[in-house]
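Read the structure below first, then the notes.
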2 protein chains.
Amino acid sequence: MTSNVHAYPEPVSVEDATIDDEFWTPRIETVRETTIDFVYDRLVESGRIENFRVAAGHVDGEFQGRFYNDSDVYKWLEGACYFLATDEDSELRKRIDEVVDLLVDAQEDDGYLNTYFQLVEPEMKWTNLHVLHELYCAGHLFEAAIAHEEATGEERLLDVATAFADHIDRRFGPDGKDGVPGHEEIELALVKLYRVTGEERYLDLAQYFVDRRGAADSRLAYEVSHPEEIAGEPSDHVVDDGEYDGRYLQDHAPLREQETVEGHAVRAMYFYTGAADVALETDDEELLDVLEGLWENMTTKRMYVTGAVGSSHVGERFTEDYDLPNDTSYAETCAALGSILWNQRLLQLTGEARYGDLQSRTLYNAFLAGLSLDGRRFFYANPHEMGTDGHPLHDEDPNRFAAQRQGWFETACCPTNVPRLVGSLGSHVYAVGNASLYVNHHIGSEATVELGETTVTVDQETAFPWDAETTISVTPEEPLTFELALRIPSWCSDVSVTVAASDGERTEESVEASPGEFCRIEREWAPGDEVRFGAGFPVQFLRGHPALESDAGRVAVQRGPIVYCLEGTDSPRPLHQVELDPDGDVGIEHDDELLDGVTTLDLDALVPEESSWTDEELYKPDSQVDTEPVTVRAIPYYGWANRGEDEMRVWVEAASRRSAGPK
Amino acid sequence: MTSNVHAYPEPVSVEDATIDDEFWTPRIETVRETTIDFVYDRLVESGRIENFRVAAGHVDGEFQGRFYNDSDVYKWLEGACYFLATDEDSELRKRIDEVVDLLVDAQEDDGYLNTYFQLVEPEMKWTNLHVLHELYCAGHLFEAAIAHEEATGEERLLDVATAFADHIDRRFGPDGKDGVPGHEEIELALVKLYRVTGEERYLDLAQYFVDRRGAADSRLAYEVSHPEEIAGEPSDHVVDDGEYDGRYLQDHAPLREQETVEGHAVRAMYFYTGAADVALETDDEELLDVLEGLWENMTTKRMYVTGAVGSSHVGERFTEDYDLPNDTSYAETCAALGSILWNQRLLQLTGEARYGDLQSRTLYNAFLAGLSLDGRRFFYANPHEMGTDGHPLHDEDPNRFAAQRQGWFETACCPTNVPRLVGSLGSHVYAVGNASLYVNHHIGSEATVELGETTVTVDQETAFPWDAETTISVTPEEPLTFELALRIPSWCSDVSVTVAASDGERTEESVEASPGEFCRIEREWAPGDEVRFGAGFPVQFLRGHPALESDAGRVAVQRGPIVYCLEGTDSPRPLHQVELDPDGDVGIEHDDELLDGVTTLDLDALVPEESSWTDEELYKPDSQVDTEPVTVRAIPYYGWANRGEDEMRVWVEAASRRSAGPK
């Protein structure tokens, strides 16, 4: 593979793209109107806000909750600022200001800010990096501060962030004391901070964290073997047979020697994202090659069909190639978000459409499933199959997860991540360079961007994700030559892209375009010019690689970017009895009422013939039983578990040969 | 169903039938030569024998092991006595005598004998019936004593048993103090003791234990709500939401009101066996009706295709209808033995061949799988599917069981049960009444029985379980008219039974016979007469009832009484990739070397086409993949896990329709 560092231009900033989309706008409004407040109320109730109040000395009290709780406040703040950036909201602004005030007051004179250590173990700062998340929390503070500055133009929080970053820079790095974060995040945040401030030491520190990780004389290993010197206790996840094994923390080898995605999935995604940012800023092709290799391993061996990653509840982690159980899939919502971020960086580095494709798969499926339609409930782990819970005496299996989204979690990373991504969705749609405009996602929106010295307005209307029709109007202030690159999803058939020019009489010109690539149109664009995209939207029955034991004999169904599933309520029989016919007819119907509006697929299936069996028979010869045809309705996977507790399958048994003809 | 109490005559006693069978004789010899000694050595090593020595005052010491450990010594003794009964063995006799001496010495003056209570909690006897197994252990003592008397003609141990039985009779029953055993077993043992001694009070006590169980004012419930009055602690298994729920102990309702098999499977099987014995001795048709109803529930809703029962590791128990997971099947070896005993009693009560059929299914599959070919390793729980253990990070599931037989268990009920059944197999083959001789199993053997006042020798030769050919020679001392009833297994096709008479010139006469029934031949039998049985031995692909989620889309294979399975080593592909073709060809071959001699089945199957996939693809459209044909070898389920750790499936995916013809 030819690496191409910096092939793709910069994503637009959040405030420069406004989503106006039949699919996304209602979701964005739900998060704005419900989730933001809902999460804030939980932050208050759980003492997460109060911890800052205590640390600031405004009130007396003790630290409440878990050592990483500050990060939830920062993540809420970041998400809230994205919404503030695109829509004035004085109430929200007031609430944000209050929280920022607290952070300013809580910060120590030397820049340190972490309420757990300040209130609980002030003498033990930086002693337990592999467990206690100080650098992780700091990273989220930096991201929140940058979003706050962008939304408000104020630098109050950015000053807090840089003061803490400087503190950390004095403490860590080649010339400081050794160490890397136990939970990555600060790497990508430091690169962001470098971009905003221009301070190279932040990039250097990010690079140090990326390159120092996995060293033979790992600081994290030292902590594990010196429990008496650290705050808290060493992690069980990093000891194997009495020996330190940093795999859980991606600390088992230097990144440049890693070939497989390993360990805690959220950590891994954030790490690779930060490393990609470093590669981007330092033109490091070697690092890009490594990341491309990891991406290949993930996408060809360790990823659910929904784009979800991290299959085991034990350590919320990657395990081994082809280990993707459906009923016990961990598939953390935060890991989906992390994958979307990592793919954004790989897209920037390479300009290859496949990264946009995977972003799309992960966004519409693995990520979106994490949020209920009403915006108040969340999946932390995302099952890809749910039983009927009919056999409670077997229910001691700790690998099984909730059948319904929960309102909150003691570890609340997922609910606080949802607004961060939904609020910044616009920045994933467009990217802009000197003479290029990238349209990475088919999401209805308007963006105003600077191309060279000209302001260009882009207006996208689309029927995605339900139909493959998109129209993009391009309106430069004055005619301008640049390249417009439109991503053609890999699952399209019969692609047609035309440019409708507005010069005098309207002309249409067909443009060459292939699925899985960017369609690049370089021309002089004049106000009113349009790009019109259309394609076939085939229903695809997918099979898993033969080594995927969990999917053996089964098919999954996708149409466009949407992966479908069956829920029990839409089937005339329990789902284990349903055998889908991949060669059968499919009825495609859009239902505006169902699940806030979804396109459903009515699928041909076979089930055991009722008259073949009585309840007095438990086993009988195959030659005496038959199947009968039924239709089952598939819904988008993201919409499952919004209609009460029910069984669900993404991978459904494929029809048995008995159906193929007369016996 | 018409009940027919006492329809079937008495089973022959162990010493009256000698097995001489190609299939069974090597197994019996393995148990005689290896297992008996192997288990005895473990009894010594684990302190189980020593406990009696300490209780007898021969040595100082403390009780070792678990409170039910005496039962293992009794069960070993019983099994060893069966082997002694059919083959003189002075070494074994000496060892048996030594153990009996210990029991005689350990018994207290008032007849009490239980080393746990004698050594650990002498003041707390009979206070915790629902957990501490005193009555269960007593039952096994009685059975051992009866076997010992039959094998040796000595009454030393029988005197110990009756003294303890009298102690218990004084303590329990309508006129004594209330209570029933937490673990049933004593009921069937008391009926045995009644039959041997003629003492009606033993039968009365058995009947009391059967009828008192499940009473609203349960003594077992009282124990749970009065923990301060009992030895040890109440059981977790009998409390549900803070309330006593005796289901685990079959104590949730009077037996006569029970309609489903419930709770701990071994307890349930022993209970129903004892209740059937009571029904038999008291001509209780109502009780028989109840037992037939429970049998219907078990066999049509809660039984594995191998005859195994008890599907959940949580409480080693029955759960709900159609809850029969394969990979986490509990299927305890002891429960299989219990089912064989219960079916023996139902056969006695009704004379219906279906009970013999189920005995056979359970014996050759669920039970026999519990013992390794070398006689030194045992399955306690019997999986019906074993994975490759390829994903250790998911292995914290406590529902999963050992992939290999173990040499011993802290709870050693299964290893001590194996010799009891294998040693008494002859008693299951024949039953004898005044004018009838029943041949219940096709197992090569010679029996000498008294029919009226005439001695009749029966000599059976058979090709079972590999081929359906059996010849039974009948040799009365002088010509005698009686009915010979031969069980025709339900899975037979094309049955032929002929009688070859030896009167003067030899004549053959065909007799009517139907699968699933006894073929009854009433005539005057003369020395040298033969019954010749032959039948088709079809390979059957079985489907499970649609409600059986674990077997959905799968088939199991049986031929004759043998249920087959696949082991990884016999398949060109991992078992999850194999889809059996129920309409394909089957190659039937007997391999004398394999697994001590088995008939294997070469089955047509489909697997994913290798050229359809590269390792760079994780998911792809069904239309782009195909299957290819392979042959896989099935072996008898009982023989699995004798060739090292490997994957195994009883239920195998059925071929998908893609194979049925051109795409």
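Numbers restart at 1 for each chain; the letters A, B, ... are given by sequence-line order, proteins then strands.
Residue B:Gln624 holds its CD atom at 9.5 Å from CG of A:Leu542, rounded to the nearest 0.5 Å. Taken to the nearest 0.5 Å, the CZ atom of B:Arg543 stands 14.5 Å off from the CG atom of A:Leu618. Separating the CD atom in B:Gln577 from the CG atom in A:Leu548 is a distance of 10.0 Å, to the nearest 0.5 Å. The CD atom of A:Glu616 sits 8.5 Å away from the OG1 atom of B:Thr299 when rounded to the nearest 0.5 Å.
Other residues, nucleotides and ligands contribute over 12 non-hydrogen atoms within 6.0 Å of the CD atom of A:Glu628. Shown here is A:Glu609, whose CD atom has more than 12 heavy atoms of other residues, nucleotides or ligands within 6.0 Å.
Partners of B:Trp295 by side chain to side chain donor-acceptor pair (under 3.5 Å), not counting sequence neighbours, listed by chain and number: B:Asn343. With sequence neighbours excluded, the residues satisfying side chain to side chain donor-acceptor pair (under 3.5 Å) with B:Glu316 are B:His264, B:Tyr330, B:Tyr380.
With a 4.5 angstrom heavy-atom cutoff, B:Pro621 touches chain A via backbone and side-chain atoms both. For B:Glu617, the part sitting under 4.5 Å from any heavy atom of chain A is the backbone (N, CA, C, O) and nothing else. Interface remark: A:Trp491 contributes no atoms to any contact with chain B (heavy atom separation under 4.5 Å). Only the backbone of A:Thr614 comes within less than 4.5 Å of a heavy atom in chain B; its side chain stays farther off. Of the atoms belonging to B:Ser550, not a single heavy atom falls under 4.5 Å from chain A.
B:Gln558 has its side chain out of reach of A:Tyr619: every pair of non-hydrogen atoms, C-beta onward, lies at least 4.5 Å apart. B:Lys620 is not listed as a side-chain neighbour of A:His545, based on a closest heavy-atom distance of 4.5 Å or more.
Remark: the backbone N or O of B:Pro546 is paired with a side-chain donor or acceptor of A:His576 at under 3.5 angstrom. Of the possible donor and acceptor atoms, one in the side chain of A:Lys301 sits under 3.5 Å from a partner among the backbone N and O of B:Asp615.
Between chain A and the options B:Ala552, B:Gly544, B:Pro608, B:Gly553, heavy-atom pairs under 4.5 Å are most frequent for B:Gly544. Among the candidates A:Leu575, A:Asn297, A:Val305, the residue making the largest number of heavy-atom pairs closer than 4.5 Å to chain B is A:Val305.
The pair B:Arg573-A:Glu549 fails the salt-bridge criterion, with no side-chain N (NZ, NE, NH1 or NH2) lying under 4.0 Å from an Asp/Glu carboxylate O.
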